[in-house]
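We're numbering straight along the sequence, starting at 1.
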Amino acid sequence: MSVLRFRSSPAGLAVVALGGFALFGWGAFGVTAAGQRSLETRLAQAESDRDTLQAWQKQFRDVETELREMQAKVGATRDELAQVTATREKAKAQLAATQRDLTAITKRLDQAREKATQTTGSLPAADPAKKPAR
């Protein structure tokens, strides 16, 4: 059993210590490498997400530009509609005034015909004769 018995010597302790440090170093390296691979994977995913978000942002900007153009067109159409409505109202007012004038002129014409009939004693003028039917 003397073979199994361990004798501590400074050189033996140094070998055991160096072996332990080597195992600890390689273990730390393995953990660091695995962590770095995990970080690289997360970085690639973050870059992919960033690219996707940039594409969405560009799409939203394009839609926003389109929306602003449409809003400008709607504003121009509203202005044009207001002008057309004002012109329509003006035309309606002119039509009403013209109708009043026509009514007044027709009334004066009827009065003049009546007066002419009374002064001359003639019969009222008949409507122009129609052409006979063939």
Undergrad: Look up atom CG in Leu43 and atom CZ in Arg50, then write down how far apart they are to the nearest 0.5 Å.
TA: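 One finds 8.5 Å between CG of Leu43 and CZ of Arg50.
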Undergrad: Test of understanding: with ring pair (Phe, Tyr, Trp, His ring centres under 6.0 Å), list the residues that count as partners of Phe21, not counting sequence neighbours.
TA: none
Undergrad: Should Asp110 and Glu114 be marked as a side chain to side chain contact (heavy atoms under 4.5 Å, CB included) after you check the CA-CA gap, both sets of side-chain angles, and the distance that decides it?
TA: CA-CA 6 Å; Asp110 289 341; Glu114 239 180 72; 5.6 Å; no
Undergrad: Would you say that more than 12 heavy atoms from the other residues, nucleotides or ligands in this model lie under 6.0 Å from the CD of Gln54, or not?
TA: yes
Undergrad: For the atom pair CZ (Arg37) and OG1 (Thr32), what is the distance rounded to the nearest 0.5 Å?
TA: 10.5 Å
Undergrad: Taking CD in Gln36 as the centre, count heavy atoms belonging to other residues, nucleotides or ligands within less than 6.0 Å. Is the count above 12?
TA: no
Undergrad: Quick one: do Arg68 and Glu64 make a salt bridge, cutoff under 4.0 Å?
TA: yes
Undergrad: So, Asp49 versus Gln45: side-chain donor-acceptor pair below 3.5 Å or not?
TA: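 Side-chain D/A pair, Asp49 to Gln45: present.
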Undergrad: Among Gln59, Lys58, Glu66, whose side-chain contact (heavy atoms from CB on, under 4.5 Å) with Asp62 holds?
TA: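 In the set Gln59, Lys58, Glu66, the residue that makes a side-chain contact (heavy atoms from CB on, under 4.5 Å) with Asp62 is Lys58.
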Undergrad: Taking atom CD of Gln111 and atom CZ of Arg108, what is their separation to the nearest 0.5 Å?
TA: 9.0 Å
Undergrad: Mind checking the NZ-CD spacing from Lys73 to Glu69? Nearest 0.5 Å is all I need.
TA: 6.5 Å
Undergrad: CZ/Arg78 to OG1/Thr85 distance, rounded to the nearest 0.5 angstrom?
TA: 13.0 Å
Undergrad: Say you draw a straight line from CZ of Arg100 to CG of Leu95; how long is it, rounded to the nearest 0.5 Å?
TA: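 Result: 10.0 Å between the selected atoms.
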